[in-house]
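Here is the structure we will look at.
Small disclaimer: the values here were computed from a predicted structure and weren't measured.
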Protein chains: 2
Amino acid sequence: MPTHYTGDESTRRALDAYIKLSRARKVLGHRTGQLLADFGLTESQFGTLEALYFLGPMSQKDIGEKLLVSGGNMTMVINNLEKRGLVTRQRVQEDRRQFMVSLTDRGRRLVAEIFPAHAQNIVDLMGILSAEEQDHLGRLCKALGRQTREA
Amino acid sequence: MPTHYTGDESTRRALDAYIKLSRARKVLGHRTGQLLADFGLTESQFGTLEALYFLGPMSQKDIGEKLLVSGGNMTMVINNLEKRGLVTRQRVQEDRRQFMVSLTDRGRRLVAEIFPAHAQNIVDLMGILSAEEQDHLGRLCKALGRQTREA
DNA sequence: TATTGTTATACTCTATAACTATA
DNA sequence: TATAGTTATAGAGTATAACAATA
């Protein structure tokens, strides 16, 4: 474990932050994932539904970029959601290479059903941190997530 | 996207922190995972090797708890590492239900070969944050990861 | 009875590369 | 030529439950 790495201080510090970040995310994801699993959804699937719910119809490419999921995977995720009647694909007339993905009524109802409990889970999990700490965590993570996509 | 959630402030704040945490971890994991992939290793596999390298031989159960990986998965991860001659299993004489997992010389050499570049990747990625910010991030994430295992 | 680990089941995720259709 | 999406490939992850061996 990097925690026991005895090298120089700046390396130890970065490794330590990284492993704690990873663990936190894993623990939180495990918790939130249980609720989703009760509804037969994976994180990628729910993330897709959530994006469509809050941002409206999008191409597969846009969803993939939002969720950091590769093209081939998006095809599969959308396929699985489509099989269950939660989303639909519609060709974009102006650019027939694209599909616009939209929630069906059933998909919308499912998100509406799950989201409150999902959000409450996250509020509960984050509740160990004060409002200021949550904001600070968000800012630090935002910097990490942004910088590293460009660099 | 929770970012566009228009509910109450505390919910928006928690969701926002959560999504940024998730994105950061995903971006970082993607980056560090590329190096590991060059050596034919997944994160779980390298995490196992790393734990054995820095903490010494451990039972599968202990590794699973460190890495937050379930029992059945640990069997598979260890199997795959064992096939490649990177780890070995030895029955524990005092409790013959357990296997002690150890690095082979080959496994130890592989970690020694990969770790410097892996650590440097993390130092580079975390480098967008100051030393104080990295420490702060670590503390916030530690609280998140710990609390939620107990609660 | 409880625990460690294995096995079986059944999906989902992951990346990549070759491919089709369209731009 | 470049882009959006599909398909094929090939593995690894995930959880669960039933099982064996041991405590």
query: Mapping Val92(A) and Lys61(B) onto DNA chain C by nearest heavy atom, which one lands closer to the 5' end?
result: Lys61(B)

query: For the side chain of Ser44(A), counting heavy atoms from C-beta on, which of dT6(C), dT14(C), dT22(D) is nearest?
result: dT14(C)

task: Specify the residue among Lys83(A) and Phe99(B) whose closest nucleotide of DNA chain C lies further upstream toward the 5′ end.
output: Phe99(B)

- request: Could you check how far CG of Leu81(B) sits from P of dG11(D), rounded to whole Å?
  value: 16 Å

query: Which nucleotide sits closest to the side chain of Asn73(B): dA23(C), dT4(C), dT14(D)?
result: dT14(D)

query: Rounding to a whole Å, what distance do you find between Asp95(A):CG and dA21(C):P?
result: 16 Å

- request: Compare all side-chain heavy atoms of Val111(A) with those of Leu86(A) and state whether any distance is below 4.5 angstrom.
  value: no

statement: For Leu52(B) and Val101(B), the nearest pair of non-hydrogen atoms, with its separation, is CD2-O, 3.4 Å

message: In this structure, how many angstroms lie between the P atom of dT14(D) and the CZ atom of Phe46(A), rounded?
response: 21 Å

query: Do any N or O atoms from the side chain of Arg89(B) and from the backbone of Glu82(B) form a donor-acceptor pair under 3.5 angstrom?
result: no

field: Phosphate-side-chain proximity, Thr75(B) and dG5(C), N/O vs OP1/OP2 below 4.0 Å
entry: no

query: Can you tell me how far C1' of dG13(D) sits from CD of Glu43(B), to the nearest Å?
result: 11 Å

Rounded distance (Å) that lies between atom P of dA12(D) and atom CD of Glu82(B): 15 Å

- prompt: For Gln60(B) and dT6(C), is the shortest distance between a side-chain N/O and OP1 or OP2 below 4.0 Å?
  reply: yes

- prompt: Taking OP1 and OP2 of dA15(D), is either one under 4.0 Å from a side-chain nitrogen or oxygen of His30(A)?
  reply: yes

Gln34(B) versus Asp38(B), side-chain donor and acceptor atoms under 3.5 Å: no

- prompt: Taking atom types as modelled and ignoring hydrogens, do the side chains of Arg13(B) and Tyr18(B) form a donor-acceptor contact shorter than 3.5 angstrom?
  reply: no

query: Can you find an N or O donor on one side and an acceptor on the other, under 3.5 Å apart, linking the side chain of Arg97(A) with the base of dT3(D)?
result: yes

message: Tell me the interatomic distance from Asp62(B), atom CG, to dT3(C), atom C1', rounded to whole angstroms.
response: 13 Å

- request: Considering just the side-chain nitrogens and oxygens of Ser70(B), establish if one lies under 4.0 Å of OP1 or OP2 belonging to dT14(D).
  value: no

message: Nearest to the side chain of Gln98(A), heavy atoms from C-beta on, is which of dA23(C), dG5(C), dA4(D)?
response: dA4(D)

N/O (side chain, Thr42(B)) to phosphate O (OP1/OP2, dG13(D)) under 4.0 Å: yes

- prompt: Just checking Met74(B): base, sugar-phosphate only, or nothing, at a heavy-atom cut-off of under 4.0 Å?
  reply: nothing

- prompt: When we call it a touch if two heavy atoms are under 4.0 Å apart, what does Arg91(B) touch: a base, just sugar-phosphate, or nothing?
  reply: nothing

message: For Gln93(B) and Gly40(B), find the nucleotide of DNA chain D closest to each by heavy atoms; which residue's nucleotide sits nearer the 5' end?
response: Gly40(B)

message: Rounding to an integer number of Å, can you tell me how far Met58(B) CE sits from dG5(C) C1'?
response: 16 Å

query: Given Thr88(B), which of Leu103(B), Leu81(B), Thr104(B), Ile78(B) fulfils the side-chain contact (heavy atoms from CB on, under 4.5 Å) condition?
result: Thr104(B)

query: For dT6(D), does OP1 or OP2 lie under 4.0 Å from any side-chain N or O of Arg89(A)?
result: yes

query: Expressed in angstrom and rounded to an integer, what is the separation of Leu41(A) atom CG from dC13(C) atom C1'?
result: 15 Å

statement: Met76(A) has its side chain closest, among dA23(C), dT14(C), dG5(D), to dT14(C)

